[in-house]
Protein chains: 2
Amino acid sequence: MPQKAIICTVDVVLLCLRGTVLNVALWRRERAPFEGSPALPGGYIHPEEDVDTLDAASRMLREKTGIASPYLEQLGTFSGASRDPRGWSISIAYYALLPAELIEQEPAPGLVLQAVEQLKGLPFDHKDIVQAAVQRVRNKSSYSSLPVYLCGEQFTLPRLQAVYEAVLGEPINKVSFRRKMEELDMLEAVEGAMETGRANRPAQLYRLKHEFQQCLSVSPRSLTAAAG
Amino acid sequence: MPQKAIICTVDVVLLCLRGTVLNVALWRRERAPFEGSPALPGGYIHPEEDVDTLDAASRMLREKTGIASPYLEQLGTFSGASRDPRGWSISIAYYALLPAELIEQEPAPGLVLQAVEQLKGLPFDHKDIVQAAVQRVRNKSSYSSLPVYLCGEQFTLPRLQAVYEAVLGEPINKVSFRRKMEELDMLEAVEGAMETGRANRPAQLYRLKHEFQQCLSVSPRSLTAAAG
DNA sequence: CAAATAGTGTCTATAAGACATTATTGG
DNA sequence: CCAATAATGTCTTATAGACACTATTTG
């Protein structure tokens, strides 16, 4: 005999970098519970519509932010009797990374960005979910190409290094960083494209190689000495 | 409006090491669908009984194998319209590690161990789930104390090294391995306890320090050069 | 030319692996 | 004493970081 109905939802932690701080996109809830509160974009799974929960997360993103296909990965499942006032619930959480410009240039109505530290007043266990996502991103960034998804399509190496440093929260040796990027073998220089305009030597623009648009490049060793 | 009922289950991938090969514990299903087939121990979440899905997984293990508190961690959630013939379903998968002797000495009825390679005929997407668990264990073992949970309470360093080698599938340099174990700082020698009986120098017995009974020790660097 | 930042060369420090040596048991 | 394996010392190689130097732009 099946169980009493369990509330099945999907939530998405959409992260981007503004300046040097990670921000999460929050969505003003349109219904109870917590109507009007900013919370993670999410909602019920639609079994008739969604082929699986990844598909549901992708739909959630599309509906609430208009964003089509960012880097999107399952984070984990949060569950229990006490996380939702409506009853025993399950939330399958996903996280997504995006260049901040994509949100800032055409902000979806009801969407606000907020720094991931000092989050307060989030409903459900959404604060825990955001913290888990941030930890996952930090950890995965220490040995993979993950942070490139926070950059736009083209970027310079100094810019990418700053993104890594912002995510990891510590400075990285420039020579080592460039050696690692070489080793990860995920970037290609854009022929003849340089970032100019400032009073210094122009920087080469790079882009992600096509084969890494959807999948990460991972290094056998950490980029930095620290780890979690 | 809530969704059409979704089937919510928990499955456990219980792994142990027999000789040098990882085995998974399979449970002969007592009901349809796939009645009689060996499958992952699992079942419906009981909202009245389980405080969350970890608790449900723990109960599943207890009920089907009699095992109380092994290392148990969430693996991920598998979902969709097509994985279960009964309808749209969610399985929150957990994995557990255990010394093989605990299963072999008093085998629960209906439980069989099977090598994780060449699994065939598993129902649902249980083969995918097992593969994901094995990959997780391999990956996590490369930089943490995870494999100690495959050993009994006391073990020698050569034995532990063999366990790591079996899990990772490659030989490890003895000196480097011992340096890493020193660095992980998770073992303590059992005073005066040596493994004797064979025609060679006896080996010191070690055990996990108390503070690592429940949590892992992680290294900033990989144990071996390889990675995933 | 000065200031600023990009990009590279090179030396040093640290970690990993190869290999050899010593230690301790049973037969 | 021999065989076997534990345990450790030490040299070599690989990787990471420090630091300095060159390159190229604007004003």
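Quick note on labels: first sequence line is chain A, next is B, and so on, each numbered from 1.
The nearest whole Å value for the distance from the CD atom in B:Q161 to the C1' atom in D:dT5 is 12 Å. Distance CD1 (B:I172) to C1' (C:dA18): 16 Å, rounded to an integer number of Å. Going from atom CD of B:E195 over to atom P of C:dT24 covers 17 Å, rounded to whole Å. Rounded to whole angstrom, the span from the CZ atom of B:R221 across to the P atom of C:dT14 amounts to 11 Å. What separates CG of A:L160 from C1' of C:dA6 is a distance of 15 Å, to the nearest Å. Between the C1' atom of D:dT5 and the CE atom of B:M194 lies a distance of 12 Å, rounded to the nearest Å. Atom OH in A:Y143 sits roughly 16 Å away from atom P in D:dA16 (whole-Å rounding). Taking atom CZ on A:F177 and atom C1' on D:dT15, their separation rounds to 17 Å, with Å as the unit.
In terms of heavy-atom proximity, A:D11 sits nearest to A:G43 at OD1-N, 4.4 Å.
Using modelled atom types, one side-chain atom of B:S217 and one backbone atom of B:L184 make a donor-acceptor pair closer than 3.5 Å. A distance-only check finds a donor-acceptor pair linking the side chain of A:H126 to the backbone of A:L40 [under 3.5 Å]. Using a distance-only test at 3.5 Å, with no hydrogens or angles considered, no donor-acceptor pair links the side chain of B:R59 to the main chain of B:D50. Counting only distance, with no hydrogens or angles, the side chain of A:N139 and the backbone of A:Q135 share no donor-acceptor pair below 3.5 Å. The closest donor-acceptor contact from the side chain of B:S58 to the backbone of B:L54 lies at 3.5 Å or more, if one exists at all.
Within a heavy-atom distance below 4.0 Å of DNA chain C, the residues of residues 178-190 of chain A found are A:R178.
Which of D:dA6, D:dA16, C:dT8 sits closest to the side chain of A:K174 comes down to C:dT8. Of the candidate nucleotides D:dA6, D:dG17, D:dG9, D:dA6 has the atom nearest to the side chain of B:A203. In the set D:dA6, D:dA18, D:dA16, the nucleotide with an atom closest to the side chain of A:V175 is D:dA18.
Under the side chain to side chain donor-acceptor pair (under 3.5 Å) criterion, the residue pairs touching residues 148-164 of chain B are B:Q161-B:E165, with sequence neighbours excluded.
Ion pair B:K180/B:E183 flagged as a salt bridge, since at least one NZ, NE, NH1 or NH2 atom sits closer than 4.0 Å to an Asp/Glu carboxylate oxygen. Ion pair B:D52/A:R83 not flagged as a salt bridge, since none of the NZ, NE, NH1 or NH2 atoms sits closer than 4.0 Å to an Asp/Glu carboxylate oxygen.
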Any N/O pairs under 3.5 Å between the protein and nucleotides 25-27 of chain C? List them or say none.
residue : atom : partner : partner atom : Å
C:dT25  : O2   : B:A199  : O            : 3.0
C:dT25  : O2   : B:N200  : N            : 2.9

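Remark: the B:N173 side chain and the C:dA18 base include a donor-acceptor N/O pair separated by less than 3.5 Å.
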